[in-house]
K.L.:
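Quick one: the structure is below, and I'll ask about it shortly.
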Amino acid sequence: MKAVTAGNQTAGLNIALSIFIVKKSYRQRNTRENKVVSKEFKGSWYAARRNSGFGLALALMLSVGATTVHAEDVLAKVRDSKTITIGYREASFPFSFLDQDKKPVGYAIDLCLKIADAVKQNLKLQQLNIAYVPVTSSNRIEMVTSGKIDLECGSTTNNAERRKQVNFTIAHFMASSRMLVRADDKIKNWPDLRDKKVATTKGTTSVKSLVDRGQVRSLNMTIVEGRDHNESFKMVVDKTADAFVMDDVLLYGLKATAKDPAAYAVVGEPLTTEPYAIMLPKDDVAYKAVVDREMGRIIHDGEIYKLYTKWFLSPIPAKNNLTLNMPMGYLFRESLRFPSDQVGN
């Protein structure tokens with residue numbers, strides 16, 4: 001492929017519910033859908049499972065029940081243009097970020113490149129160009145709904161509100177909302193934020209968890225927003241904010257890349273479980289089937305574990321051989337046993 005560059009009730013209930021949903025959806029969804037799905041589909045399901053293996057059967061299961069009416073046929077567009085457009089984040093390390101040469105790289109980017117190759121094979125194209133387009137936490141959904149990008153490859157949480165506008169494939173990570181603070185401060189948990197200034201990144205879900213629990217008002221917090229994660233982190237560095245609330249893995253990444261990592265700490269009980277997934281246009285069943293099938297194959301063939309080791313457990317050349325040393329969490333590891341695009345929220 002030729003690249004064309006263009007411009008956690010915290011842990012308890014949420015985790016238990018998420019594991020329940022993940023496990024049950026994979027084993028029971030076909031049973032539920034049999035009430036409304038034609039005999040022809042059931043034949044397709046078993047034929048796909050028998051002839052093409054886990055991946056295609058999984059994709060058919062994930063896609064069943066979705067409307068066949070969609071605003072744009074992505075596969076047709078890609079076939080005609082011989083180009084697939086990937087939306088990337090500039091500072092969502094290690095999922096999607098720019099390396100020393102300003103090239104998009106990361107865990108989610110690697111997954112999207114595999115998906116792009118699957119699209120190429122599906123369309124029987126000899127060559128498929130990759131167009132990279134930068135997106136932010138504020139405009140990423142609009143970039144998908146407007147058709148400006150075909151895949152959003154970053155650190156986006158799959159939740160009910162967003163599913164009203166876009167589709168998601170199988171989750172590629174499970175994060176928890178916590179906070180990054182200066183290590184010499186006395187902030188250890190959420191009650192310590194009383195009368196403090198708290199940074200977040202515009203368009204993200206993390207502070208909403210605090211608002212939903214009434215903690216922003218009851219603790220008299222002041223919320224300030226950064227345009228991206230780097231700007232939000234800089235507020236803590238510059239002492240214009242006391243804490244930066246965000247998904248734990250992103251906070252660990254920012255801490256690891258700081259001039260003095262020991263000067264910062266990630267603290268606080270997990271507020272939520274955040275399933276990250278690649279975002280794609282809503283109601284395009286054929287395209288989603290290709291994406292889901294490839295994600296299912298990546299998981300089933302064990303490639304997901306190799307990619308996880310590369311980005312979370314090994315030195316990362318694109319970040320001067322920095323190592324996150326972040327073992328795979330229990331919830332994510334369990335979700336990979338029963339891959340599904342269904343989540344508990």
Side-chain angles (χ1 to χ4, degrees), residues 1-6 37-38 40-41 43-45 47-49 51-88 96 104 108-133 135 140-154 156 158 162-172 277-301 303 339-341:
M1 291 183 289
K2 178 182 178 183
V4 179
T5 300
V37 178
S38 66
E40 287 79 4
F41 174 79
S44 298
W45 160 257
R49 189 175 182 183
N51 298 328
S52 300
F54 174 87
L56 179 55
L58 175 64
L60 283 168
M61 182 180 71
L62 292 173
S63 299
V64 66
T67 176
T68 58
V69 178
H70 51 81
E72 182 176 22
D73 186 337
V74 174
L75 293 177
K77 183 183 72 170
V78 172
R79 181 189 295 111
D80 292 343
S81 65
K82 295 181 175 55
T83 300
I84 190 167
T85 306
I86 290 178
Y88 71 92
S96 181
I109 297 295
D110 279 0
L111 289 169
C112 280
L113 290 175
K114 288 180 179 291
I115 290 170
D117 191 59
V119 170
K120 175 186 173 183
Q121 294 180 42
N122 178 271
L123 296 176
K124 298 179 172 59
L125 297 175
Q126 291 186 346
Q127 179 175 304
L128 179 63
N129 299 318
I130 308 293
Y132 290 102
V133 174
V135 301
R140 54 189 167 181
I141 293 177
E142 185 274 331
M143 294 291 281
V144 174
T145 59
S146 66
K148 294 177 182 176
I149 61 174
D150 304 315
L151 294 165
E152 189 270 333
C153 310
T156 299
N158 175 357
R162 289 171 176 164
R163 290 195 299 274
K164 294 176 183 178
Q165 303 179 69
V166 297
N167 272 337
F168 290 89
T169 187
I170 303 165
H172 57 258
I278 292 163
M279 191 162 50
L280 54 153
K282 190 172 179 63
D283 297 336
D284 191 332
V285 178
Y287 178 53
K288 187 178 190 310
V290 175
V291 176
D292 289 340
R293 179 168 63 243
E294 178 62 10
M295 278 298 299
R297 186 201 65 78
I298 291 168
I299 294 169
H300 185 255
D301 290 354
E303 292 180 16
S340 174
D341 60 345

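Side-chain atoms are counted along with the backbone in the values below, which use heavy atoms only and exclude waters and symmetry mates.
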K.L.:
Taking atom types as modelled and ignoring hydrogens, do the side chains of D292 and T169 form a donor-acceptor contact shorter than 3.5 angstrom?
P.N.:
yes

K.L.:
One pair to check against side chain to side chain contact (heavy atoms under 4.5 Å, CB included): L113 and I109. What are the steps and the verdict?
P.N.:
CA-CA 6 Å; L113 290 175; I109 297 295; 4.1 Å; yes

K.L.:
Working to the nearest 0.5 Å, report the span between NZ of K77 and CG of D150.
P.N.:
3.5 Å

K.L.:
Would you please name every residue forming a side-chain hydrogen bond (donor to acceptor under 3.5 Å, both in side chains) with K164, sequence neighbours left out?
P.N.:
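Scan of K164 (side-chain hydrogen bond (donor to acceptor under 3.5 Å, both in side chains), adjacent residues dropped) gives E161.
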
K.L.:
Any idea which heavy atoms bring I84 and A116 closest together, and the distance?
P.N.:
CG2-CB, 3.9 Å

K.L.:
Please report the shortest heavy-atom distance between N122 and R293, naming the atom on each side.
P.N.:
ND2-NH2, 3.3 Å

K.L.:
Between K282 and T145, is any pair of side-chain heavy atoms under 4.5 Å apart?
P.N.:
no

K.L.:
Can you list everything that forms a side-chain hydrogen bond (donor to acceptor under 3.5 Å, both in side chains) with Q165? Sequence neighbours excluded, please.
P.N.:
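side-chain hydrogen bond (donor to acceptor under 3.5 Å, both in side chains) list for Q165, sorted by chain: empty.
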
K.L.:
Look up atom OG1 in T85 and atom NZ in K148, then write down how far apart they are to the nearest 0.5 Å.
P.N.:
12.0 Å

K.L.:
Should Y287 and L75 be marked as a side chain to side chain contact (heavy atoms under 4.5 Å, CB included) after you check the CA-CA gap, both sets of side-chain angles, and the distance that decides it?
P.N.:
CA-CA 6 Å; Y287 178 53; L75 293 177; 3.8 Å; yes

K.L.:
Would you compute the distance between atom CG of N167 and atom CD1 of I278 and round it to the nearest 0.5 angstrom?
P.N.:
13.0 Å

K.L.:
Begin with the C-alpha distance, continue with both residues' side-chain angles, and end with the deciding distance and a verdict on side chain to side chain contact (heavy atoms under 4.5 Å, CB included) for V74 and V119.
P.N.:
CA-CA 10 Å; V74 174; V119 170; over 6 Å; no

K.L.:
Could you report the tightest heavy-atom contact between S96 and G154, atom names first, then the distance?
P.N.:
CB-CA, 3.8 Å

K.L.:
In Å, rounded to the nearest 0.5 Å, how long is the span from CD1 of I130 to NZ of K120?
P.N.:
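Here the rounded value is 9.0 Å.
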
K.L.:
Which residues pass the side-chain hydrogen bond (donor to acceptor under 3.5 Å, both in side chains) test with D110, not counting sequence neighbours?
P.N.:
K310, W311

K.L.:
Going by heavy atoms in the side chains, are E294 and K114 under 4.5 Å from each other?
P.N.:
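Contact flag for E294/K114 side chains = yes.
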
K.L.:
How close do R163 and F168 get, counting heavy atoms only, and between which atoms?
P.N.:
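Minimum heavy-atom separation between R163 and F168: CG-CD1, 3.9 Å.
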
K.L.:
Could you check L280, N158, V144, T156 and say which one makes a side chain to side chain contact (heavy atoms under 4.5 Å, CB included) with V166?
P.N.:
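That would be V144; it is the only one of L280, N158, V144, T156 passing the side chain to side chain contact (heavy atoms under 4.5 Å, CB included) with V166.
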
K.L.:
For the atom pair CD1 (I170) and CD1 (I298), what is the distance rounded to the nearest 0.5 Å?
P.N.:
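Separation between the atoms: 9.0 Å.
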
K.L.:
Look up atom CD in E152 and atom CE in M143, then write down how far apart they are to the nearest 0.5 Å.
P.N.:
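Interatomic distance, E152 CD to M143 CE, rounded to 0.5 Å: 10.0 Å.
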
